[in-house]
Each structure stands twice: as structure tokens, then as C-alpha cells.
Amino acid sequence: MTLYTDTSLLVAALTNEAETGRIQTWLGEQEAGSLAISDWVATEFSSALSIKLRMGQIKTTDRADALAIFARLIEESFTVLPVTGSQFRTAARFADQYALGLRAGDALHLAVCADHGATLCTLDRRLSDSGPALGVKTLAL
């Protein structure tokens, strides 16, 4: 089974947040080769760290350390799934389900998971609740 880790999990794991310890433990318990991210997660991760830096939640050294650890995780622990044009179109159809309240990036995470048969793992309750309505397995952590 492929477990797709969204950005919320990785930001929590690699910066000082309330869920850091719990998410680090969860990640460490997963089987080798079972974790995946997409190229979109890499983009969102960098953006999230930049936002934290601008908001004064982390220092430049914290950002650099988190980016270095993230790069190492990509090389050693995660399968990186490419994002395709077809997945963008699926994400648009998912976002069209206006009652779900999905943001574009969240719809894209779900579309990547749908395409690969992966389970989306997230801290985002709205995202985890939306997946089953779209035929995507989710795991709220």
C-alpha cells in the first residue's frame, strides 16, 4: 500500500509544531518504500517554510535545516510521484465539487492519490473528509 504524505505532515515533522513528535514517530513506523509524495508537495513545502519565516515562526537556519532534511528524505525515504496534466484536470473536477470546500492544491493532492491508488495521509481534516466522497482513501492523523 502506498501512503501519500501531504505537506501538512511534513511541515509538522520538520518544524517545531504541536504535532511534531507524534508525526515523526508515525513516519518512523512506516515500512520502507511505502511512503510517497508528489512534486507538488515539494513546492508546497518550500512555500510553507517561506511563510513560517516571514511570519517569524522560524529562523533562516531552521528553514535551511528543514529543507536539507526534506531533500534527504526525498532521496532516501519517499517515492516522488510526478504531477501530470491529467491530474490537474482531475483536480479541477474535484474542486468543482464546491460543497467539499477544497482548495486547488488539496484537490491536486487527491487527484495524484486517485491516479496512483494511494492513501492520502494528512493532518487536514477537511482534506481527509473530502477524499472518500471523491473515491480516494484517506488517513487523518
Quick one: [atom1] on [X] to [atom2] on [Y], what's the gap to the nearest 0.5 Å?
| X | Y | atom1 | atom2 | answer |
| --- | --- | --- | --- | --- |
| Gln30 | Thr25 | CD | OG1 | 11.0 Å |
| Asp6 | Leu123 | CG | CG | 7.0 Å |
| His109 | Cys121 | NE2 | SG | 12.0 Å |
| Leu53 | Thr61 | CG | OG1 | 9.5 Å |
| Thr79 | Leu3 | OG1 | CG | 11.0 Å |
| Leu108 | Leu102 | CG | CG | 11.0 Å |

Note, [X] side chain near [Y] side chain (heavy atom, < 4.5 Å):
| X | Y | value |
| --- | --- | --- |
| Arg103 | Asp124 | yes |
| Leu127 | Thr138 | no |
| Ile37 | Glu44 | no |
| Leu73 | Leu35 | no |
| Thr122 | Asp106 | no |
| Thr2 | His116 | no |

Answer with yes or no whether the hydrophobic clustering places [X] together with [Y]; edges join I, L, V, M, F, W, Y residues whose side-chain heavy atoms lie under 4.5 Å apart.
| X | Y | result |
| --- | --- | --- |
| Tyr98 | Phe94 | no |
| Leu67 | Ile51 | no |
| Val80 | Val41 | yes |

Exam field: side chain Asp65 to backbone Asp62, donor-acceptor pair closer than 3.5 Å: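 A pair under 3.5 Å: no.
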Thr20 (side chain) donor-acceptor with Glu17 (main chain) under 3.5 angstrom: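 Checked: pair present.
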For [X] versus [Y], what's the shortest heavy-atom pair and its separation?
| X | Y | answer |
| --- | --- | --- |
| Ser38 | Tyr4 | OG-OH, 2.7 Å |
| Ser128 | Ala140 | OG-CB, 3.5 Å |
| Glu19 | Ala12 | CB-CB, 4.5 Å |
| Ala91 | Ala111 | N-CB, 3.7 Å |
| Val136 | Leu110 | CG2-O, 3.7 Å |
| Val83 | Gln87 | CA-OE1, 3.1 Å |

Pairwise salt bridge (charged side-chain N to carboxylate O under 4.0 Å, His left out) hits with a residue in residues 125-137, at least two apart: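 Salt bridge (charged side-chain N to carboxylate O under 4.0 Å, His left out) check on residues 125-137 returns no pairs.
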Side chain to side chain donor-acceptor pair (under 3.5 Å) evaluation trace for Arg93 with Thr90: CA-CA 5 Å; Arg93 286 193 303 278; Thr90 298; 3.0 Å; yes
Whether Phe70 and Phe45 hold their rings parallel, tilted or perpendicular, with breakpoints at 30° and 60°: parallel
Crowding at CG, Asn16 (>12 non-hydrogen neighbours, <6.0 Å): no
side-chain contact (heavy atoms from CB on, under 4.5 Å) partner of Thr7, chosen from Leu10, Leu9, Val11: Val11
